[in-house]
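Worksheet: the structure to be examined is printed underneath.
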Amino acid sequence: MKRTYTALVILLMAAALAWAAGKVTVIHKKASLRADKQFFAPTLAEIPYQESLEALETQNGWIKVSYAGKTGWIHSSAVSGAAPSGEKKGGGLSIFGDDEKKGAVAQEDVALAGKGFNEQVEKQYKQKNPNMNFAAVDEMEKITIPGDKLAAFVKQGGLEAREYAN
Amino acid sequence: MRINLALAALILAFAAPRAHALDMGDALLKAWEKKDAIVKTTKALRKGFQELSDEEEYYIGRAVAARILTDYKTVADPARTEYLNTVGQTLALYSTRPATFAGYHFRIIASAEVNAFAAPGGFIFVTTGLLAQVKSEDQLAAVLAHEIAHVTLKHGLGAIKSANLTQAFTILGTEAVKEYSSADLSALTTAFEGVINDVVNQLVVNGYSRTQEYDADQEAVRIAYKAGYNPSGLAEFLGSLAALTSGDSKGLGFYKTHPPANERKGKVESLIAKKKLEGAPSQARDARFQARFM
């Protein structure tokens, strides 16, 4: 009896540790795994929608995760789930102020994944409205400027990030 | 016995910083109860547009964009389109929603009207007529930041009539399903059509409320300033718009339904003065803007 109780406590503790570490789930079409805690940092990998990841650390709205053998940072707005405890706030100027969404929230977005207005509904809508120009929307979605190009543009234009006191 | 001792040591190693192992068990129980509460919350019937997921916002945005692109032709100008997206996607990073489900995308549409539309999820359109009034990258940034603000503040989604949302949420119920029955899908698509009509009517026909426009202006100043742009870009653009509206407002399209440009300009200038926001034009930015638009 005593042994069973001890084993149970161990099991519960292992679960508690996993809970404390925190899992996050990608709620966007894809999330970029970046080499550093900024959008202009090089992309190490693209993490697909609904991928579940272990959150290792959070700083200034960025979450450290490992994916496909690479460790980097994803922005918290692209994920949902529990953030690990002990968020460290980095010093210096961050382009993401204190008013930004941090640590990931919106548990509902995970529960709602693929639910509601989804691809299936769009398909039906297209059948009912064959004249709608979805092809032009698909083309529009392809226009994405890579992070390194944005960084060069920012530098060339003398654009320096600033804090804004609310 | 030896095993029990090893287990006890393990327990102590894990639990020592916190408390007794039993306390840990209690904490875990509480955490489990909390988890149940979260699950219950997500299973409740959704009520408002704020509860639409990023993915649902994206599908609404796609359909709204498809409607706009059915009525307006896109301008096939790769250099200007890339420039517009570079400015816009840079600005979005400084907004309260640096990423949406599938990101922010910008397109120029052919129309002499001074007009711009921001569909939910980040599909943003500016007319050739509007671009003709823009005189610098700082002004362009202000206009794009204003449209980004409509997305981040979810003004488009706010136009959805509660009847359409309630209908959809009732069909969806509380169960997570990947495939709907044909009857449910048909009813859901009808509700979806109603949702799209509501958003398109707000964007294209009626325009936003004065309060929403002022809020978007305020947010645009914040976004542009944070990104490093001259915060006066919006006031300058609104000044040009005011000069246009003082004459014949024909051809102003959507902008004639906005609050008067002079009033907006005054509010923006007051905000810049109150916040003591500084900024100056930049030769580098002016040069690259002129290379594409002058």
Side-chain angles (χ1 to χ4, degrees), chain A residues 2-3 6-7 9-10 12-13 15-17 19 27-29 31 39 75 77-78 95-97 99-101 107-109 111-122 124-125 128-129 131-134 136-137 140-141 143-145 149-150 153-154 156-165, chain B residues 4 7 10-11 14-15 21 24-25 27-28 31 38 42 51 53-56 59-60 62-63 65-67 69-70 74 81-82 85-86 89-90 93-94 96-99 101-103 105 107 123 137 172 176-180 185 188-189 192-193 222 225-229 275 282 284-285 288:
Chain A
K2 204 172 179 181
R3 197 171 293 176
T6 311
V9 170
I10 296 268
L12 289 173
M13 281 173 48
L17 284 172
W19 176 276
I27 57 164
H28 288 167
K29 212 169 188 179
F39 282 106
H75 193 252
S77 59
I95 65 166
F96 309 106
D99 51 342
E100 307 305 345
K101 182 180 174 184
Q107 193 71 20
E108 289 82 0
D109 272 11
L112 292 170
K115 188 185 171 187
F117 299 136
N118 59 13
E119 203 173 355
Q120 200 186 357
V121 174
E122 182 182 292
Q124 185 84 357
Y125 177 80
K128 283 179 81 176
N129 302 274
N131 296 330
M132 293 296 111
N133 194 355
F134 276 93
V137 182
M140 185 175 178
E141 263 193 56
I143 310 168
T144 302
I145 313 297
K149 214 163 182 176
L150 290 183
F153 182 82
V154 163
Q156 196 261 335
L159 295 168
E160 287 181 21
R162 296 178 285 195
E163 294 286 12
Y164 182 96
Chain B
N4 273 352
L7 287 174
L10 257 173
I11 292 169
F14 282 122
M24 191 63 150
L28 186 65
I38 292 167
T42 60
E51 294 181 67
S53 68
D54 284 7
E55 185 184 10
E56 288 175 302
Y59 280 105
I60 292 169
R62 271 178 60 83
R67 281 273 293 268
L69 291 173
T70 304
T74 55
T81 303
E82 185 181 318
N85 277 275
T86 310
Q89 289 178 17
T90 299
L93 299 179
Y94 295 88
T96 51
R97 293 180 73 195
F101 185 78
H105 306 281
R107 281 243 60 166
F123 298 92
E137 185 175 307
L172 293 165
V177 288
K178 294 277 181 188
E179 294 283 323
Y180 299 110
L185 185 60
L188 197 55
T189 307
F192 185 68
E193 282 179 313
R222 195 182 79 93
Y225 180 81
K226 283 182 76 177
Y229 280 103
K275 296 275 183 188
S282 145
R285 295 198 294 273
R288 66 189 183 189

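In the text below, chain A, chain B and the rest are named by the order of the sequence lines, each starting its count at 1.
Put simply, the side chain of B:Glu193 reaches to within 4.5 Å of the side chain of A:Asn129, judged on heavy atoms. Looking at heavy atoms from C-beta onward, A:Ile27 lies out of side-chain contact with B:Phe101 at the 4.5 angstrom threshold.
With hydrogens and angles disregarded, a donor-acceptor distance shorter than 3.5 Å links the side chain of B:Arg288 to the backbone of A:Phe153. Between the side chain of B:Glu55 and the main chain of A:Gly116, no donor-acceptor pair closer than 3.5 Å is present.
If you take CD1 on A:Ile145 and OG1 on B:Thr86, they are separated by 3.5 Å, rounding to the nearest 0.5 Å. For the atom pair A:Glu160 CD and B:Tyr229 OH, the distance stands at 13.5 Å (nearest 0.5 Å). A:Leu150 CG to B:Leu93 CG: the interatomic distance, rounded to the nearest 0.5 Å, is 6.5 Å. Of the inter-residue distances, the one linking B:Arg222 atom CZ with A:Tyr164 atom OH reads 7.5 Å to the nearest 0.5 angstrom. Distance check, rounded to the nearest 0.5 Å: NZ of A:Lys29 to CG of B:Asp54 gives 13.5 Å.
The aromatic rings of B:Phe192 and A:Tyr125 sit perpendicular, their planes meeting at an angle over 60°, well past the 30° parallel limit.
When each of A:Met132, A:Lys128, A:Glu141 is scored by its heavy-atom pairs under 4.5 Å with chain B, the top score falls to A:Glu141. When the candidates B:Ser282, B:Gly103, B:Ala102, B:Ala63 are compared by the number of heavy-atom contacts under 4.5 Å with chain A, B:Ala63 comes out ahead.
For B:Glu82, the parts lying under 4.5 angstrom from a heavy atom of chain A are both the backbone and the side chain. Contacts of B:Arg67 with chain A are made by both backbone and side-chain atoms, with heavy-atom separations under 4.5 Å. For a residue to count as touching a neighbouring chain, one of its non-hydrogen atoms must lie under 4.5 Å from one of that chain's; by this rule A:Ala165 touches chain B with the backbone only. Of the two parts of B:Ala65, the backbone and the side chain both hold a non-hydrogen atom closer than 4.5 Å to a non-hydrogen atom of chain A.
Atom CD of A:Gln156 is surrounded by more than 12 heavy atoms from other residues, nucleotides or ligands within 6.0 Å. Surrounding NZ of B:Lys275 are more than 12 heavy atoms belonging to other residues, nucleotides or ligands, all under 6.0 Å away.
In this structure, the side chain to side chain contact (heavy atoms under 4.5 Å, CB included) partners of B:Leu185, at least two apart in sequence or on a different chain, are A:Gln120, A:Val121, A:Gln124, B:Tyr180, B:Thr189. Take A:Glu122 and apply the side chain to side chain contact (heavy atoms under 4.5 Å, CB included) test, not counting sequence neighbours, and it matches A:Lys126, A:Phe134, B:Tyr59, B:Arg62.
In terms of heavy-atom proximity, B:Leu69 sits nearest to A:Met140 at CD1-SD, 4.4 Å. In this structure, A:His75 and B:Pro98 approach most closely via the heavy-atom pair CE1-CG, 3.4 Å.
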